[in-house]
Protein chains: 2
Amino acid sequence: MSDDRMFGLQRHERVMDELRRHGAVRVRELAELLGVSELTVRRDIAALAAQNLLTKVHGGATLPTELTPAAPTRRRGSVGPRFTIGMVVPSLDYYWPAIVSGARSAAAAQGVNIQLRGSTYDWAEDRRQITRLIEAQQVQGLLLAPNLEGDSLEMIRWIGELPVPVILVERQPPRWTPTPYQLEWVRSDHALGLELAVRHLHDHGHRNIGLLLSKGSPTSAHLARGWDLVCADLGIPAGLVVRDSVRMDEPGHRALIAQLLDRCRASGATALVIHSDPEAMSVAQYCNELGMTIPGDLAIVAYDDEVAKLAEPAMTAVRPPKPMVGRTAVELMVARLTEGRRRPIQRVLVTPELIIRDSSMPLSTPVRSTWA
Amino acid sequence: MSDDRMFGLQRHERVMDELRRHGAVRVRELAELLGVSELTVRRDIAALAAQNLLTKVHGGATLPTELTPAAPTRRRGSVGPRFTIGMVVPSLDYYWPAIVSGARSAAAAQGVNIQLRGSTYDWAEDRRQITRLIEAQQVQGLLLAPNLEGDSLEMIRWIGELPVPVILVERQPPRWTPTPYQLEWVRSDHALGLELAVRHLHDHGHRNIGLLLSKGSPTSAHLARGWDLVCADLGIPAGLVVRDSVRMDEPGHRALIAQLLDRCRASGATALVIHSDPEAMSVAQYCNELGMTIPGDLAIVAYDDEVAKLAEPAMTAVRPPKPMVGRTAVELMVARLTEGRRRPIQRVLVTPELIIRDSSMPLSTPVRSTWA
DNA sequence: TCAGAAACGTTCAGATTCGTTCATGGGAGG
DNA sequence: CCTCCCATGAACGAATCTGAACGTTTCTGA
């Protein structure tokens with residue numbers, strides 16, 4: 001089933017992954033981690049460095065910085081707009097690395113720099129990071145993903161008054177904002193993503209589906225909206241919605257899952273859509289311990305597709321277009337900086353993708369994606 | 001399963017399925033799984049790679065990522081992708097010329113051609129034009145603005161089955177479409193445009209505002225939605241909405257306007273938002289004949305800004321970002337044609353602009369847009 | 001400054017994979 | 001029924017990937 005070996009490209013991705021997660025990697029560790037010789041790792045690093053995706057240092061590699069020696073200058077004459085864009089994201093180890101990576105590669109293609117700042121899901125910290133970026137006077141634009149829960153109007157007004165253009169990433173302010181210019185944003189269409197999941201399950205015969213939302217995520221609201229719409233469209237019950245945190249590191253998660261499964265049984269649900277992979281894997285593992293089979297006794301679709309592939313069975317998941325969101329944000333920002341205020345405000349929705357694996361369909365069924 | 005042999009296309013789908021499930025596939029395993037020779041698998045992979053559906057690597061294939069070595073960079077001649085894009089618009093004399101013009105200039109910048117076809121606001125004619133463009137085999141993509149009133153699902157399904165990528169312009173299909181790929185679109189955010197108009201009037205003291213919608217325009221629905229939302233937000237009455245055609249060339253338009261003004265007087269309305277310039281000018285002219293002053297006795301904001309500037313007094317109007325819509329559509333299409341199906345679906349809203357002239361504010365007031 | 005240790009990269013070899021060339025066979029169309 | 005065409009498969013030289021060996025460079029601490 002699993003390969004003992006990976007392809008070169010996969011290794012490259014893995015290297016970049018580790019790099020984004022930790023900011024730096026060392027050859028020795030990577031060699032062990034990936035199960036290849038150090039020489040191979042060095043070759044990988046050299047290849048990635050040739051694309052300016054990382055900076056080679058003695059003993060390993062780091063994320064590229066403006067200090068990178070001998071950055072091959074862009075093609076001769078057309079230096080292009082050399083902007084520096086600040087980016088503040090709420091997390092650097094879940095969900096956001098893929099967005100940052102998409103942003104980084106778009107930035108490389110456009111010849112601009114990105115100043116990345118990790119924050120938390122907390123507005124005060126967001127604000128601190130943003131303020132520091134602005135005060136450093138180095139950034140011409142900002143890509144932000146602030147926590148808009150709470151008194152969002154106040155935050156939005158504050159953001160609107162920043163001296164540089166702002167584009168919100170994976171966030172949607174109210175449709176009208178009390179700012180001199182309407183705010184620009186780009187986000188995944190999570191409501192549609194959820195709809196894809198439910199319709200996939202519906203296509204495979206499930207008529208009674210439940211939804212488990214993780215608490216406190218800005219995504220939940222969109223998922224809930226998509227849920228209501230698609231259930232109404234398909235004429236299936238929309239009642240089984242649970243908001244709870246059932247991660248394995250959460251105390252009492254087993255009791256919560258047991259409770260959830262009771263509700264499924266009571267309402268006759270045969271499938272669950274679960275927000276965020278860890279929660280889905282937690283549920284799957286619990287089912288496994290109980291002797292329930294997946295997808296036989298319960299079909300599961302996870303939402304996020306960060307680690308769903310690694311579950312056993314591999315989990316069908318909705319994958320938000322994270323790299324594309326980052327990329328689009330950068331492209332919008334470059335356009336805004338290049339064209340100035342005359343350019344009309346754009347708001348972009350990007351559609352997630354449904355990755356069909358084994359947790360949602362009987363294994364014997366010939367594999368056939370609805371996306372064919 | 002049923003057949004010992006499958007067609008090439010089926011095999012391709014199967015390969016993509018495996019790929020989506022596992023993220024990577026190995027030539028050897030696929031050959032065994034599909035019961036064909038490795039050479040055949042390699043040929044399949046090469047074909048799929050040519051469509052950017054996967055990335056070929058030594059020993060197999062992976063899903064395309066941003067690390068995917070760039071396709072043959074077409075620098076030297078830098079001929080650019082010389083695509084030809086078909087564009088079918090419902091009118092060539094109102095509203096649409098600005099969109100087409102935006103599209104044309106973007107096309108020139110991108111080095112692609114546009115085949116323009118005028119149609120009507122009628123689905124049968126749309127379909128005829130589209131069919132002809134397809135059959136001529138000259139276009140690699142289509143920008144369409146079909147009339148989606150009526151049995152829109154049927155039309156959407158038809159559009160989804162066209163052999164070239166489609167982007168809808170100023171049209172929004174249902175959030176989910178029964179097509180192999182979700183439809184892509186770009187449109188003006190008319191609801192927000194209307195909101196700008198109402199808030200502008202509200203800012204200048206109007207607390208009782210009416211809305212006149214032209215009948216049968218696809219825009220009306222968005223305007224009505226924006227109207228309900230903004231009236232609720234501002235806490236002003238939303239009851240005075242009239243749907244009528246009051247163009248000067250419409251028989252009986254004077255009676256309808258008289259009726260409208262009666263309703264305004266009855267409800268105490270001091271301002272009107274009127275969809276489409278000709279209607280607004282018609283009302284303004286009638287008011288003028290009655291001796292009412294604009295904006296003194298009645299403030300007017302027109303929606304479309306096609307000819308609003310020519311009115312007397314010059315009319316404040318919401319200007320949908322028409323050139324930008326056309327431009328964005330072309331840019332999206334070029335991206336789609338360049339990057340293929342792997343590119344996630346984008347849906348873009350562009351924000352209109354409020355052009356403040358004389359019909360909404362006392363003439364003495366220095367004209368100053370809230371947009372500074 | 002120097003020496004030891006670690007890391008690096010060149011070279012070579014073994015193994016695997018790729019793709020060209022040519023031959024075969026079955027289905028579509030006449 | 002025949003022919004043409006395309007998809008497939010076999011074989012083999014070419015290309016690629018990987019790791020070991022070993023001389024060279026860089027780092028670190030005395």
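Chain letters run A, B, ... following the sequence lines, proteins first, then strands; residues in each count from 1.
Note on Arg357(A) versus Asp305(A): salt bridge recorded, some NZ/NE/NH1/NH2 to OD/OE distance being below 4.0 Å. A salt bridge is absent between Glu135(B) and Arg132(B): the closest approach of a Lys/Arg side-chain nitrogen to an acidic carboxylate oxygen does not fall below 4.0 angstrom. Look at Arg28(B) and Glu32(B) and you find no salt bridge, because none of the NZ, NE, NH1 or NH2 atoms lies under 4.0 Å from a carboxylate O. For the pair Arg157(B) and Glu161(B), the salt-bridge criterion is not met [side-chain N within less than 4.0 Å of a carboxylate O].
The phosphate of dA7(C) (OP1 or OP2) has a side-chain N or O of Arg28(A) nearer than 4.0 angstrom. Checking the phosphate oxygens (OP1, OP2) of dA7(C), no side-chain nitrogen or oxygen of Lys56(A) falls inside 4.0 Å. The side chain of Ser37(A) contributes no N or O atom lying less than 4.0 Å from OP1 or OP2 of dT18(D). Phosphate contact (OP1/OP2 of dT8(D), side-chain N/O of Arg11(B), threshold under 4.0 Å): present.
Rounded to whole Å, the distance from CD on Glu38(B) to P on dA10(D) is 11 Å. Straight-line distance from the CG atom of Leu30(A) to the P atom of dA7(C): 13 Å, rounded to whole Å. Atom CG of Leu34(B) is separated from atom P of dG9(D) by 11 Å (rounded to the nearest Å). Across the protein-nucleic acid pair, Asp44(B) atom CG and dA7(D) atom P stand 11 Å apart, rounded to whole Å. As a whole-Å value, the separation of His12(A) NE2 from dT18(D) P is 8 Å. Residue Ile45(B) contributes atom CD1, which lies 11 Å from atom C1' of dT17(C) at whole-angstrom precision.
The base of dG19(D) does not come close enough to the side chain of Arg42(A) for any donor and acceptor atom to sit less than 3.5 Å apart.
The nearest heavy atom of DNA chain D to Arg43(A) and to Thr40(B) marks one nucleotide each, and the one closer to the 5' end goes with Thr40(B).
Nearest nucleotide to the Leu39(A) side chain, out of dA7(C), dT10(C), dT18(D): dT10(C).
Within 4.0 Å of Val41(A), counting heavy atoms only, lies no atom of the nucleic acid at all.
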At a cut-off of 3.5 Å, list every protein nitrogen or oxygen paired with a nitrogen or oxygen from nucleotides 23-30 of chain D, distance to 0.1 Å.
none

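Between the side chain of Lys322(A) and the main chain of Asp304(A), a donor-acceptor pair closer than 3.5 Å is present. Counting only distance, with no hydrogens or angles, the side chain of Arg336(B) and the backbone of Arg343(B) share a donor-acceptor pair below 3.5 Å. Between the side chain of Asp277(A) and the main chain of Glu306(A), a donor-acceptor pair closer than 3.5 Å is present. The backbone N or O of Val164(B) sits nowhere less than 3.5 Å from a side-chain atom of Gln140(B) that would complete a donor-acceptor pair.
In the helix from dT1(C)-dA30(D) to dG30(C)-dC1(D), the terminal helix axes, each the rotation mapping four pairs' C1' atoms onto the next four within five end pairs, subtend 50°, rounded to 10°.
Residues His200(A) and Thr316(A) have side chains that never bring a donor and an acceptor to within less than 3.5 angstrom of each other.
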